[in-house]
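Worksheet: the structure to be examined is printed underneath.
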Amino acid sequence: MVSNMRTNEAITRLDAAVSALGDVNVSAWSEETLKDQLGELSSVLCALDAVLSRVADEVRARGLRIEEPASA
């Protein structure tokens with residue numbers, strides 16, 4: 001069983017990943033930079049999509065819904 005501390009650490013790490021992604025502004029990249037980084041960016045985005053889908057599917061498999069938080 002995963003401890004509460006380990007669960008909290010995982011959520012903290014997910015929050016950090018969201019923050020890091022929030023700092024990415026592809027529209028500010030030059031065409032050359034985007035073309036140079038496109039392979040790596042695509043790989044990371046596809047891997048991220050796969051992991052997020054897996055986690056979401058595991059939550060849904062337990063009969064729970066994933067909902068957007070109400071805006072403050």
Counting only N and O atoms by type, is there a donor-acceptor contact under 3.5 Å from the side chain of [X] to the main-chain atoms of [Y]?
X	Y	result
S19	D15	no
T12	N8	yes
T33	W29	no

Note: R54-D57 ion pair, threshold 4.0 Å (strictly below) =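 Looking at R54 and D57, the cut-off is not met.
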Joint cluster assignment, V44 & L21, ILVMFWY side-chain distance < 4.5 Å |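 They do not share one cluster, since no chain of ILVMFWY contacts under 4.5 Å joins V44 to L21.
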Check whether L45 and L34 end up in the same hydrophobic cluster, where Ile, Leu, Val, Met, Phe, Trp and Tyr are linked by side-chain heavy atoms less than 4.5 Å apart.
->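 Yes, L45 and L34 fall within the same hydrophobic cluster.
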Pairwise distance [atom1]([X]) to [atom2]([Y]) - rounded to 0.5 angstrom:
X	Y	atom1	atom2	result
S43	Q37	OG	CD	12.0 Å
L64	E58	CG	CD	12.0 Å
L41	L48	CG	CG	10.5 Å
E31	L38	CD	CG	10.5 Å

CD/E68: more than 12 non-hydrogen atoms of other groups inside 6.0 Å =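 No - once you tally the heavy atoms of other residues, nucleotides and ligands closer than 6.0 Å, there are 12 at most.
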